[in-house]
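The structure under discussion appears below in the form of structure tokens.
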Amino acid sequence: MVSGRIVDDFNLDKIADSGQCFRWEKQSDGAYSIIHLDKRLKILKVGQEYELSCTMDDYKNIWYTYFDFDTKYSKIRQLIDRNNDRFMYNAVTYGKGIRILRQDTWEMLISFIISQRKNIPAIKSSIEKLSRLCGTRHIDETDNTEYYSIPTPEQILKTSVNDLNACGLGYRVDYIKSVAKEVYDGKLDIKSLENMSYEQSLYRLKQLYGVGDKVANCVILFGLHNLDAFPIDIWIQRILENEYNGENNYPFEKYRPYNGVFQQYMYAYYRNRGD
DNA sequence: AGGCAGGTTCTTA
DNA sequence: TAAGAACCTGCC
């Protein structure tokens, strides 16, 4: 167990609701259960302090990085021009506390392929079913709970299409199998994406069957942690149209190299504002 | 009950 | 090159 204060922007509910992570579950005691690679963390806010169900070693080596505590989001927020970009000012005021997690690239690839034309509960459900079906099983010894990792490419390939179809993946099964095969065959080296420029990684990801502009940018932002990647989904599209008079008038230069962070603020604000 | 969901591919001109 | 249809499935 590790506990302490976290001063910079950090709001669990807002991160959980931001649409970047699909394996956060709020428990009845108010803690979030988070599955990341082969680890599971429970994190609970008590007053101004956080309690984390991990060893100090795991905190330092895994979770500190996962939560991206090296990046000062309070500083990034200062880039906004509150007089000339009122919408962004409101969005950031609303979304303060959001961070961009450093998630696993392979998990992001699978998750966002699944996400297309689905709502968030359906995405979570499919990912959970897929993990239970063919991911590696673990036991969290702090509370004797079992949990499952996202399946590796090999684990997906060893699973029959019939079984995969039970995960509610629909037509995305073909996409997932195809991507798994490319990694397994060595045609796609996930690790090598990390050393590429934005353009190179975007190009490579979009070559994959079932990966278009939106999914690729999500992988780059949430997996490769390139904070300038700017995924445009239906909500962001509406924002660009309604609040900025079209994509061509959005001030990308002003928010470089953090366009992806501001994208998250806008997304959270606009979705919860109810229009 | 039936439209719609954090898109992408395929088809057509 | 660009628009429009088709796509599986399960939430709300």
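Chain identifiers are assigned alphabetically (A, B, ...) following the order of the sequence lines, protein sequences preceding nucleic acid strands; residue numbering begins at 1 within each chain. Hydrogens, waters and symmetry mates play no part in the numbers below; they use all other heavy atoms, side chains included.
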### Query
How close or far is atom C1' of C/dC8 from atom CD1 of A/Ile176, stated in whole angstroms?
12 Å

### Task
Give one of base, sugar-phosphate or nothing for A/Asn165, where a contact means two heavy atoms less than 4.0 Å apart.
nothing

### Query
Of the options A/Asn217, A/Asn226, A/Asp228, which is the one that meets A/Tyr198 in a side chain to side chain donor-acceptor pair (under 3.5 Å)?
A/Asn217

### Message
Other residues, nucleotides and ligands only: do more than 12 of their heavy atoms fall within 6.0 Å of NZ on A/Lys254?
### Response
yes

### Task
With DNA chain B as reference, determine whether A/Lys118 or A/Gly210 sits nearer its 5' end, using the nearest nucleotide of each.
A/Lys118

### Summary
Secondary structure of DNA chain B per the Watson-Crick/G-U criterion (both distances under 3.5 Å; [ ] crossing, | other strand, . unpaired) is .||||.|||||||

### Message
Closest approach to the side chain of A/Tyr171, judged atom by atom: which nucleotide of B/dA5, C/dC8, C/dC11 is it?
### Response
C/dC8

### Message
In this structure, how many angstroms lie between the P atom of C/dA6 and the CG atom of A/Asp174, rounded?
### Response
19 Å

### Message
Within the 3.5 Å criterion, strictly below it, is a donor on A/Asp57 or A/Thr55 matched to an acceptor on the partner's side chain?
### Response
no

### Task
Identify whether NZ of Lys or CZ of Arg in A/Arg82 sits under 6.0 Å from the centre of the six-membered ring of A/Tyr89 and within 45° of that ring's axis.
yes

### Task
Nearest whole angstrom, please: distance from the P of C/dG4 to the CZ of A/Arg117.
16 Å

### Query
Heavy atoms under 4.0 Å, any strand shown: does A/Ile113 hit a base, just sugar-phosphate, or nothing?
nothing

### Message
Under a 3.5 Å threshold, yes or no: a donor from one side chain and an acceptor from the other, between A/Tyr250 and A/Asp85?
### Response
no

### Task
For A/Gln237 and B/dC4, give me the distance from atom CD to atom P, rounded to whole Å.
16 Å

### Task
Specify the residues of residues 257-268 of chain A, ordered by number, for which at least one heavy atom lies under 4.0 angstrom from an atom of DNA chain B.
A/Gln263, A/Gln264, A/Tyr267

### Query
Looking at A/Lys75 and A/Asp8, does any basic side-chain N land under 4.0 Å from a carboxylate oxygen?
no

### Query
Taking CD1 from A/Ile123 and P from B/dC4, how many angstroms apart are they, rounded to a whole number?
18 Å

### Task
In whole angstrom, give me the gap between the P atoms of B/dT11 and C/dC8.
13 Å

### Task
Tell me what A/Ser18 touches on the nucleic acid: a base, only sugar-phosphate, or nothing, going by heavy atoms under 4.0 Å.
base

### Task
Taking atom CD of A/Glu141 as the centre, report whether more than 12 heavy atoms of other residues, nucleotides or ligands fall under 6.0 Å from it.
no

### Query
Do A/Arg132 and A/Glu146 sit within salt-bridge range, that is, some charged N less than 4.0 Å from a carboxylate O?
yes

## Note on the structure
A/Asn119 atom CG is separated from B/dA5 atom C1', nearest whole Å, by 5 Å

### Query
Which part of the nucleic acid, if any, lies within reach of A/Val173 when heavy atoms closer than 4.0 Å are counted: base, sugar-phosphate only, or nothing?
nothing

### Message
Among A/Val219, A/Leu169, A/Val211, which residue satisfies the side chain to side chain contact (heavy atoms under 4.5 Å, CB included) criterion with A/Ile113?
### Response
A/Val211

### Message
Please report the distance separating the P of B/dA1 from the corresponding atom of C/dC7, rounded so that it comes out in whole Å.
### Response
25 Å

### Message
Pick the closest DNA chain C nucleotide for A/Pro121 and for A/Gly170 by heavy atoms, then say which residue is nearer the 5' end.
### Response
A/Gly170

### Length of the line joining A/Leu109:CG and B/dG7:C1', which is rounded to integer Å
14 Å

### Query
Is there a donor N/O on one and an acceptor N/O on the other, under 3.5 Å, for the side chain of A/Arg172 and the base of C/dC8?
yes

### Sidechain-backbone polar pair: A/Gln155 side chain, A/Thr152 backbone, donor-acceptor under 3.5 Å
yes

### Task
Could you state the atom-to-atom distance from OH of A/Tyr175 to C1' of C/dA6 in whole Å?
10 Å

### Message
Once you apply a heavy-atom cut-off of 4.0 Å, does A/Leu208 come out as touching a base, just sugar-phosphate, or nothing?
### Response
sugar-phosphate

